[in-house]
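Along the sequence shown, the residues carry numbers beginning at 1.
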Amino acid sequence: QVQLVESGGGLVQAGGSLRLSCAVSRRTFSDYNMGWFRQAPGKEREFVAYISLNGRSTVYRDSVRGRFTISRDNAKNTMYLQMNSLKPEDTAVYYCAAKAGFLIPSKSTSYDYWGQGTQVTVSS
C-alpha cells in the first residue's frame with residue numbers, strides 16, 4: 001500500500017507564495033507518476049499539475065501555468081508544488097496523487113493513490 005501525506009498549506013494573502021509537499025511512503029517512489037489536484041467548496045476536483053516518474057515531463061492546467069511549479073526529489077520520496085502569485089481563486093483543498101504505469105495526467109480516475117489533502121486559502 002502506498003501512503004501519501006501532504007503538507008505546507010495555509011492562509012496567505014493574494015500575491016503571496018506557498019510550497020506544498022507530498023511525502024510518499026514507498027521506496028520505489030521513482031516508479032510512480034505523480035499529480036496535484038484541488039477541490040474548492042461546491043466544485044468538482046480539478047487537475048492542477050503532473051510530473052512524470054523521472055521528472056522530465058510536466059503538465060499544468062492553463063490557469064496555473066507560469067505561477068506554479070511541480071517538482072520531485074526521488075531521493076527523498078517527495079513531490080512539491082511551488083505556488084507563486086497566488087489568487088483568491090486558488091483557494092481549495094490540494095491533493096497529491098500517484099500512479100504506477102500509464103495514465104492520462106489530467107484525469108483523476110487515472111490515479112490509484114491519494115493523500116488526505118491540505119487546505120490552501122488565499123485572501124484578497
For this session: Treat each ILVMFWY residue as a node, draw an edge where side-chain heavy atoms are under 4.5 Å apart, and state whether I51 and V64 are in one component.
Result: yes
Exercise. Testing R45, E46, K43 for side-chain contact (heavy atoms from CB on, under 4.5 Å) with R38, which one passes?
Worked result: E46
Exercise. How far apart are the closest heavy atoms of I104 and S110, and which atoms are they?
Worked result: N-OG, 3.2 Å
Exercise. Is there a donor-acceptor contact under 3.5 Å from the side chain of E6 to the main chain of C22?
Worked result: no
Exercise. If every non-hydrogen atom of V24 is compared with every non-hydrogen atom of F29, which pair is closest and at what distance?
Worked result: CG2-CE1, 3.4 Å
Exercise. Do NZ/NE/NH1/NH2 and the carboxylate oxygens of D90 and K87 come within less than 4.0 Å?
Worked result: no
Problem set entry | K99 side, atom NZ; N33 side, atom CG - distance, nearest 0.5 Å | 9.0 Å
Problem set entry | Separation between CH2 of W36 and CE of M83, rounded to the nearest 0.5 Å | 8.0 Å
For this session: Please step through side chain to side chain contact (heavy atoms under 4.5 Å, CB included) for the pair Q1 and Y113, ending with a clear verdict.
Result: CA-CA 9 Å; Q1 187 72 7; Y113 304 101; 4.1 Å; yes
Exercise. Is the CD atom of Q3 crowded by more than 12 outside heavy atoms at less than 6.0 Å?
Worked result: no
Exercise. V93, V12: one ILVMFWY side-chain cluster at the under-4.5 Å cut-off?
Worked result: no
Problem set entry | F37: which of W114, Y50, Y95 passes ring-ring contact (aromatic ring centres under 6.0 Å, His included) | W114
Exercise. Counting distance only, does the side-chain N/O of T121 pair as donor-acceptor with the main-chain N or O of T91 below 3.5 Å?
Worked result: no
Exercise. Using the ring of each side chain (for Trp, its six-membered ring), is Y94 parallel, tilted or perpendicular to F68, with breaks at 30° and 60°?
Worked result: tilted
Exercise. Do you know which two heavy atoms are closest between Y111 and P105, and how far apart they sit?
Worked result: OH-O, 2.7 Å
For this session: Drop me the distance from C96's SG to R72's CZ, to the nearest 0.5 angstrom.
Result: 11.0 Å
Exercise. Should V48 and L86 be regarded as members of a common hydrophobic cluster, given that ILVMFWY residues are connected when their side-chain heavy atoms come within less than 4.5 Å of each other, either directly or indirectly?
Worked result: yes
Exercise. How long is the gap from CE on M34 to OG on S52, to the nearest 0.5 Å?
Worked result: 12.0 Å
Exercise. Just by modelled atom types, is the N74 backbone N or O under 3.5 Å from a matching donor or acceptor in the S30 side chain?
Worked result: no
Exercise. Which heavy atom in A40 sits nearest to a heavy atom in A92, and how many Å separate them?
Worked result: N-CB, 3.8 Å
Exercise. Side chain of R67, backbone of S85: donor and acceptor closer than 3.5 Å?
Worked result: yes
Problem set entry | I70 backbone acceptor or donor facing Y60 side chain under 3.5 Å | yes
Exercise. How long is the gap from OG1 on T78 to CG on L4, to the nearest 0.5 Å?
Worked result: 10.5 Å
Exercise. Do you know which two heavy atoms are closest between A14 and P88, and how far apart they sit?
Worked result: CB-CD, 4.1 Å
Problem set entry | Reported CG-to-CE distance for the pair D73 and M79, which is rounded to 0.5 angstrom | 12.5 Å
Problem set entry | Closest non-hydrogen atom pair between S25 and V2, with its separation | OG-C, 4.1 Å
Problem set entry | Any donor-acceptor N/O pair, T118 side chain to G9 backbone, under 3.5 Å | yes
Problem set entry | Check: R61 side chain, F47 main-chain N or O, donor-acceptor pair, under 3.5 Å | yes
